[in-house]
Every structure is written in C-alpha cells, then in structure tokens.
Amino acid sequence: MADPRDFPARVLIVGAGPTGSTTALALKKYAPYVQVTLIDKSSFPRDKACGDGLGPGARRTLERLGLTDLLDGFNRPISVGVTGPDGTEAACSGPLIGEKDLSGFVAPRLDFDNRLLQECIRQGVVVRTEERFKELEELATGQIRVISEDLRSSQMLAGTYEFVIAADGAYSAVRRFIKSPTAKKSKTYIAMRSYASISHPSVAVAETIRLDFIDAFLPAYGWCFPVSDGRANIGVGLPVAQLRNGDQSLRQLLDHYYDDLRRRGFKVGSPELVKSHQLPHAAARLRMAYGHVLFLGDAAATINPFSGEGIFYGMAAGVQLAEQLSQVSPGPDANWARELRLFEHAFKRRFRRHFMSSYAVHLIFKSRRWTNKIVRAAAKNREVMATGASIMFDEGTITPRLIFRALGTGVH
Ligand SMILES: Cc1cc2nc3c(=O)[nH]c(=O)nc-3n(C[C@H](O)[C@H](O)[C@H](O)COP(=O)(O)OP(=O)(O)OC[C@H]3O[C@@H](n4cnc5c(N)ncnc54)[C@H](O)[C@@H]3O)c2cc1C
C-alpha cells in the first residue's frame, strides 16, 4: 500500500480574504490530509472596501464550520427597509421572513477578516502575511512552483504545491499572470463605501438594513448597514459601464445619497474612511479551473449580479471544495486537475439558477417602472420580500409565484 507521506497534498492559497481563510478552515475540517499554506500581501488587520453585510448564506456557512463565535459582538439587524424610486417604502421585521431565517450580520471587514485569519492560525494553518504572489510555473510532474515576495525583506521565496487556490480578489494577480480572461465592464460593478454617524427621530436605524433604489443608482442601490455605536456603513454602487470620471463621479453619487438620506429626515455625519473597489459578478461566467490552479471568490467573479454580495459565494465555494476533497485519498491515483475541474462543474451547477435569477432581476431593475412595481409588491406581501431577500443574500431563485405576485399590482 502507498505511503501517503510519499504523495503529499500541499496547497497554496493566495489571498486571506473571507474566501481564502474560509477555504483553509474548511480544508482543515473536511480534508485534513491537505497541507495548507495561506499567503496575503497585506499586513492584518487590513481594511477592505465592502458594505460589511453578511447575509444568511454566509451566516449558515460559518455555522456549518462551527465558527459562529467569530460573529460575537457584531450588529445583527432585525429589519429590512427598501425604498423604490417613487418613494415607496417596503419594510419587514423579524429574523424570520415567511418560513426563512434571513437574518445576517454587519461585520466590518477590518475586524471580520482578521478574526477568520486568527482562527486559521489557531487551527494550525501555515499563514504568511506581507507576502505577495509573483509568478507560477507548472512543472513536468504536474506540480506548481510558485514564486512570491516577502514584502518585509524584499526576498523572493519559492515553493512547490500539488495545487494552488487563487482567492486574491477582484484584481487577481494570479489571473493576470496566467493571462486568463477577466470580467468585461458590462459584468462588473464599482462601489464606494464610507462610515458615518446616523440617527432618525422615528426609525430604529441600528436595527434596520436599508436598501435604497433611488433613480440615480438604478439598477443598483444605495445601502445603509448599521454597524454599532450609532454608525453605519453607507455606500453606493453602479455598473462600471455607467461610470464617468472614475472615483470622482462615484464620490458625487455617494454625496447625493447622503443628501437623499438627510432629505428623508436622517441625521447623517460626514463620510469617513471612503473607499472603493470593483465587483466582477457572476454573469461574467469566468472559468475557475486551469489545470492545477483554481480561482475562487472575487477572483472567479462569483459575486451576486444583483446585490453585489460576494462573501457568501466565496466562502460557500471553499466549503464545497473541501467537502469534495474529503472523498479523495492522497495517493498515486489522486488527480488534482480532475478534482478541480469537477469542482467547477458542481459549483456552477449549484448556483446556476440562482445567479441567472439575480442577473434577470438586475436587468429588470434597469427599468424605473418595474423597480417601482416590485418594491410596491414587496411592501404589500412578505413573500415577495422574502424571495427578493433570498435572491439578494442567499440562494433564492425567481419563482412563478413571485412573478404572479409582482404582476398582481398595477404598473404606474
Ligand atoms: C464597496 C463594496 C461593498 C460591498 N458590500 C458587500 C456586502 O455588504 N456583502 C458582501 O457579501 N459582499 C460585498 N462586497 C463584495 C465583497 O467585498 C467581496 O465579494 C469579498 O471581499 C470577496 O472576498 P475574497 O476573499 O474573494 O476577496 P478579497 O476580500 O478581495 O480578498 C483578497 C485578498 O487577496 C490579497 N491579495 C491580492 N493580491 C495578492 C497577491 N498578489 N499576493 C498575495 N495576496 C494578494 C488581498 O490583500 C486580499 O486580502 C462589496 C464590495 C465592494 C467594493
């Protein structure tokens, strides 16, 4: 019988965002034979432009890994408020909408990503921060040789792995290195977040996730996700193709959103820690597996095309991969390239209808008329709200019932 020590399963994960760290933790749990090394060019804790919203899918993924304590102390809003372009307000309270527990958290990334990374270290993952991926080469043996740079000493480091997981985000250096296609502008959002103090005389701001589909943002929205201490993560996004003058016009949109909130009676402080980043979304349908290299998370453009949520899909991919690899014995017959290819098929099969539904809703929300109609339907019917929320933040799909309910209100 083959000695497993003769057939190591060494994997390098590039990028310690939620995708990379969760994948490392899932491999520890489900495929402990894999020897994981996790590198990131940043020094942690590090900030990341994000709305900080962890939806029900992300919460369940952490529950599955037995890591819910990582969410301790983060705000857990219990209500959702949605505004349509004509000013219609749809509101819903309680973590359970219909039969579904759609509750989530608002977890500032500076803290959340660091908690995940510290958990990786605690569980024995080899973690090296301030180390930048530079290049890779597929050896005749099928293994991957990776060169990275220790940013503290400027020293080049080399390592050999059975496979590499590129979880290095929207501007993936690994994807650029292997010259694989990236998402087109028409399949990419850009979004800007800020933090500010916020209150309202009659709205429980700390308890409510706000999504505002006002004219200037369609088919995207402005968000106000309460963090803690009377502050919220407030931001705006829009398709890159709609953007003029880069960050400048994004900043104008953000200021416009602040003005809009003030006009509606919110007392909002000045925007702080303003930061933007791109969001390549799942309608880009990028290839994930290239031989012994697999792209996950934003590096694979698995962001929800309607909501811009990406954390859940990156985390879910890591868990699904680890579960699949739990069935593999690391011996002479292990065929990593085949496993990565099979994973890509399975992941895409799992999310195909969901991503198609969220892309369809994104297209529908280009129309002001239809956006009004759907927000009105959500205001009248909790089921529409629940389905909408699960298309945005979970694995929901458009159902005939949803179409019927949406069509059931008059178009104005
Ligand atoms: C403004 C904004 C708001 C958003 N709001 C939400 C939200 O509320 N909820 C949600 O779910 N999603 C949201 N998203 C999307 C979400 O931020 C991403 O989907 C998520 O960060 C993806 O995680 P990731 O781990 O794949 O990539 P990232 O979080 O980008 O992590 C990639 C990591 O790779 C590292 N890295 C990059 N290059 C290298 C290299 N060469 N060598 C080594 N390391 C490298 C980086 O330092 C980084 O730590 C938002 C995005 C934006 C821009």
Side-chain angles (χ1 to χ4, degrees), residues 2-17 19-21 23-24 26-27 31 33-41 125-128 131-151 154-183 280 284-302 314 317-318 320-348:
D3 183 341
R5 280 168 304 186
D6 295 336
F7 300 96
R10 292 160 299 189
V11 57
L12 177 72
I13 302 179
V14 182
T19 303
S21 293
T23 304
L27 286 169
Y33 66 84
V34 177
Q35 299 161 28
V36 186
T37 302
L38 175 62
I39 65 166
D40 198 290
K41 65 178 181 182
V125 175
V126 176
V127 172
R128 299 200 300 256
E131 183 170 324
R132 185 199 300 271
F133 164 86
K134 296 294 279 186
E135 52 191 71
L136 60 79
E137 173 194 6
E138 184 146 354
L139 305 174
T141 53
Q143 292 163 311
I144 305 283
R145 186 164 182 271
V146 177
I147 307 289
S148 51
E149 181 185 2
D150 179 336
L151 296 173
S154 300
Q155 220 184 346
M156 291 300 169
L157 309 168
T160 302
Y161 305 92
E162 272 55 53
F163 60 99
V164 169
I165 293 172
D168 53 343
Y171 309 127
S172 173
V174 180
R175 195 171 271 283
R176 275 181 280 126
F177 180 80
I178 69 165
K179 295 193 172 54
S180 120
T182 52
R285 296 165 55 155
L286 296 188
R287 192 171 144 189
M288 300 171 91
Y290 287 81
H292 290 228
V293 179
L294 180 71
F295 292 89
L296 296 183
D298 283 13
T302 56
Q320 191 175 330
L321 174 70
E323 282 175 340
Q324 182 188 316
L325 295 184
S326 70
Q327 307 297 319
V328 176
S329 20
D333 297 332
N335 181 338
W336 301 114
R338 181 170 169 275
E339 291 299 330
L340 302 186
R341 222 170 36 243
L342 288 177
F343 163 78
E344 173 171 359
H345 290 313
F347 178 81
K348 288 186 168 166

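Residues Ile165 and Leu321 meet the side-chain proximity criterion, which asks for heavy atoms closer than 4.5 Å. Within the 4.5 Å cutoff, the side chain of Val164 has heavy atoms near those of the Val14 side chain. Side-chain contact between Phe163 and Leu325 is present, with at least one heavy-atom pair separated by less than 4.5 Å. Residues Phe347 and Thr302 meet the side-chain proximity criterion, which asks for heavy atoms closer than 4.5 Å. At least one side-chain heavy atom of Phe133 sits less than 4.5 Å from a side-chain heavy atom of Val146.
Looking at Ser172, its side chain never comes within 3.5 Å of a backbone N or O of Asp168 through a donor-acceptor pair. The backbone N or O of Gly142 sits less than 3.5 Å from a side-chain atom of His292, completing a donor-acceptor pair. The backbone N or O of Ala289 sits less than 3.5 Å from a side-chain atom of Glu344, completing a donor-acceptor pair. Between the side chain of Thr37 and the main chain of Leu12, no donor-acceptor pair closer than 3.5 Å is present. When atom types are taken as modelled, the side chain of Asp150 and the backbone of Gln155 share no donor-acceptor pair closer than 3.5 angstrom.
Across Ala301 and Leu286, no two heavy atoms sit closer than the pair CB-CD1, 3.7 Å. The nearest pair of heavy atoms linking Val328 to Ala334 is CG1-CB, 4.3 Å. Heavy-atom minimum distance, Ser21 versus Ala16: OG-O, 3.5 Å. Nearest approach of Ser326 to Ala31, heavy atoms of both residues: N-CB, 4.2 Å. Contact detail for Leu38 and Gly15: the closest heavy-atom pair is CD1-O, 3.4 Å. The two residues Ile39 and Glu131 come nearest to each other via the heavy atoms CG2-OE2, 3.6 Å.
In this structure, the side-chain contact (heavy atoms from CB on, under 4.5 Å) partners of Arg145, at least two apart in sequence or on a different chain, are Glu137, Leu139, Ile147, Ala158, Thr160. Gln324 meets the side-chain contact (heavy atoms from CB on, under 4.5 Å) test with Glu339, Leu342, Phe343; sequence neighbours excluded.
For the residue pair Glu162 / Gln143, a side-chain donor-acceptor distance below 3.5 Å is found, with atom types taken as modelled.
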Can you give the donor-acceptor pairs under 3.5 Å from side chains of residues 174-182 to other protein atoms, not counting sequence neighbours?
unit_1 : atom_1 : unit_2 : atom_2 : d
Arg175 : NE     : Ala299 : O      : 2.7
Arg175 : NH1    : Ser180 : OG     : 2.6
Arg175 : NH1    : Pro181 : O      : 3.2
Arg175 : NH2    : Arg287 : O      : 2.8
Arg175 : NH2    : Ala299 : O      : 3.2
Arg176 : NE     : Tyr171 : O      : 3.3
Arg176 : NH2    : Tyr171 : O      : 2.5
Ser180 : OG     : Tyr290 : OH     : 3.2

Going through the checks in order, is the side-chain contact (heavy atoms from CB on, under 4.5 Å) test met by Asp298 and Thr19?
-> CA-CA 8 Å; Asp298 283 13; Thr19 303; 5.9 Å; no
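Within 6.0 Å of CZ on Arg10 lie more than 12 heavy atoms contributed by other residues, nucleotides or ligands.
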